[in-house]
Amino acid sequence: MTKRLAEVAKKAGVSEATVSRVLNGRDGVSEATRASVLTALDVLGYERPTKLRGERARLVGLVLPELQNPIFPALAEVVTASLAQRGFTPALCARTIGGVPESDYVEMLLDHQVSGVIFAGGSYALADASHEHYRRLTDRGLPVVLVNAGVDELGFPRVSTDDAVAVEQAYGHLKSLGHERIGMVLGPEGHIPSRRKMAAMIQVAGWGDDAWVERSSFSMEGARVSATKLIERGATGIICASDVLALGAIRAARRLGRSVPADVSVVGFDDSAFMTCTDPPLTTVRQPIETMGQSAVDILVSQIEEAGVLHDELLFEPELVVRGSTGPAPR
């Protein structure tokens with residue numbers, strides 16, 4: 001017990017006597033100090049006293065699919081900073097292959113009495129995945145915000161990049177360079193943002209089928225295999241659903257002895273870190289991650305403070321960033 005008091009006191013920046021007063025429900029402690037102590041208790045993984053378990057901590061879960069794709073650490077940086085400014089402590093939960101599944105993270109966050117959860121790139125974006133763990137959050141009345149498109153029936157507020165505008169920008173850029181055979185490397189068929197990009201391409205390009213579409217896991221090697229098929233079919237321009245997929249497409253072109261952008265032009269999506277440092281620097285559609293992350297926090301805090309719930313999806317306009325991976329169509 002003494003060790004626990006010392007750890008919690010150090011984490012909260014208060015005396016051990018103050019921690020003891022909070023845990024025993026005594027008077028003489030401000031609400032701000034009380035909240036800091038309870039949050040420290042949650043972050044350190046200690047159980048709250050029984051009489052305090054019904055109260056939510058000023059702790060917010062941020063659940064990400066991975067940290068290898070630079071776009072997710074970038075989002076985490078924005079969200080955690082914004083939460084801290086609002087007096088909340090972020091609890092980062094990053095899934096890995098063979099690691100803790102999203103549903104288990106949800107259970108952990110519920111056990112810690114979090115005030116709310118922000119999800120990015122989770123099972124909600126896959127039409128054929130299990131969504132039962134999200135319904136547990138709904139049953140508890142827990143505030144939740146999703147970043148980027150998800151299945152409609154969950155009913156959570158969403159903060160998304162406008163996929164249709166992203167495709168219009170990428171396709172218009174390649175067309176202006178004279179490309180006629182333009183393909184796409186997208187995520188799995190059930191991936192909702194990829195479905196949106198596909199629907200937008202059908203509109204702007206007038207496609208009657210998906211002959212110029214290849215699907216991939218969100219990995220460089222998966223994208224290399226998919227892009228190889230498009231290039232062998234004669235594609236001179238490729239639009240990808242992420243920067244990681246775009247880098248795989250560039251690798252595919254090179255392994256086929258083609259030059260980027262002289263033979264094949266490639267456009268990514270995200271504008272994640274280091275895309276100015278690739279060879280060639282990547283032309284990509286930039287997601288407004290800072291604005292989206294701050295908006296996600298604003299919406300979540302509004303729910304937590306019971307200032308109203310926004311059930312609509314907020315769409316943010318992306319920006320085409322032209323670099324060296326695109327050029328005139330080969331003659």
Side-chain angles (χ1 to χ4, degrees), residues 31-32 34-65 72 75-76 78-95 99-127 129-160 192 292-314:
E31 281 303 311
R34 187 168 174 277
S36 296
V37 170
L38 292 177
T39 298
L41 200 73
D42 295 326
V43 170
L44 292 170
Y46 292 123
E47 286 191 11
R48 294 185 178 203
T50 304
K51 59 188 174 183
L52 299 177
R53 288 179 191 170
E55 301 180 22
R56 288 178 179 167
R58 289 187 69 82
L59 189 68
V60 170
L62 173 59
V63 184
L64 304 175
F72 293 116
L75 175 67
V78 173
V79 169
T80 54
S82 187
L83 284 169
Q85 290 171 0
R86 306 291 288 269
F88 291 89
T89 299
L92 179 61
C93 304
R95 306 194 320 275
V100 179
E102 189 176 66
S103 57
D104 285 1
Y105 273 134
V106 167
E107 291 298 324
M108 292 180 193
L109 293 171
L110 287 173
D111 287 344
H112 280 82
Q113 301 289 330
V114 294
S115 295
V117 186
I118 296 174
F119 290 92
S123 301
Y124 65 87
L126 299 171
S130 171
H131 302 130
E132 192 58 38
H133 53 289
Y134 298 119
R135 295 186 177 90
R136 292 210 60 214
L137 298 173
T138 302
D139 293 343
R140 294 280 190 96
L142 198 70
V144 172
V145 177
L146 309 179
V147 177
N148 279 327
V151 294
D152 292 330
E153 58 265 25
L154 292 175
F156 295 133
R158 287 169 288 174
V159 173
S160 304
I192 304 299
M292 291 171 63
Q294 290 173 349
S295 296
V297 171
D298 289 344
I299 294 170
L300 189 78
V301 172
S302 292
Q303 293 181 74
I304 293 170
E305 296 177 349
E306 299 182 350
V309 180
L310 176 71
H311 290 291
D312 296 331
E313 179 177 21
L314 294 184

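Heavy-atom basis, side chains included; hydrogens, waters and symmetry copies ignored. Sequential numbering from 1 along the given sequence is applied to the chain's residues.
Of the possible polar contacts, one joining the Y105 side chain to the A94 backbone as a donor-acceptor pair under 3.5 Å is found. Formation of a donor-acceptor pair under 3.5 Å by the Q294 side chain with backbone atoms of V78 is not found in this model. Checked by atom type and distance alone, the side chain of H131 pairs as donor or acceptor with a backbone atom of S123 at under 3.5 Å.
L92 and A76 get closest at one heavy-atom pair: CD1-CB, 4.5 Å. Nearest heavy atom pair, residue S160 against residue A149, reads OG-N, 3.3 Å. Contact between S115 and P143 at its shortest, heavy atoms only, is O-CD, 3.2 Å. In this structure, A296 and V147 approach most closely via the heavy-atom pair CB-CG2, 4.3 Å.
The shortest distance between side-chain heavy atoms of V114 and M108 does not fall below 4.5 Å. With contacts defined as side-chain heavy-atom distances shorter than 4.5 Å, the pair M292/L75 does not qualify. With a 4.5 Å cut-off on side-chain heavy atoms, I118 and V79 count as touching.
The CG atom of L109 sits 11.0 Å away from atom NE2 of H133, with the distance rounded to the nearest 0.5 Å. With rounding to the nearest 0.5 angstrom, the OG1 atom of T39 is 11.5 Å from the NE2 atom of H112. For the atom pair L110 CG and L137 CG, the distance stands at 5.5 Å (nearest 0.5 Å). The CD1 atom of I304 sits 12.0 Å away from atom CD1 of I299, with the distance rounded to the nearest 0.5 Å. Atom CG of residue L38 and atom CZ of residue R58 lie 11.0 Å apart, to the nearest 0.5 angstrom. The line from CG of L154 to OH of Y134 is 7.5 Å long, rounded to the nearest 0.5 Å.
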Residue pair V117, V106: steps toward the side-chain contact (heavy atoms from CB on, under 4.5 Å) verdict: CA-CA 9 Å; V117 186; V106 167; over 6 Å; no
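Side-chain rings of F119 and F156 stay apart, their centers remaining 6.0 Å or farther from each other.
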Side-chain donor-acceptor pairs of residues 81-88 under 3.5 Å, sequence neighbours excluded:
from : atom 1 : to   : atom 2 : distance (Å)
R86  : NH1    : D298 : OD1    : 2.7

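For E153, the CD atom sits in a packed shell: over 12 heavy atoms of surrounding residues, nucleotides or ligands are nearer than 6.0 Å.
Scored by the salt bridge (Lys or Arg N to Asp or Glu O under 4.0 Å) test, D139 finds no partners at all (sequence neighbours excluded).
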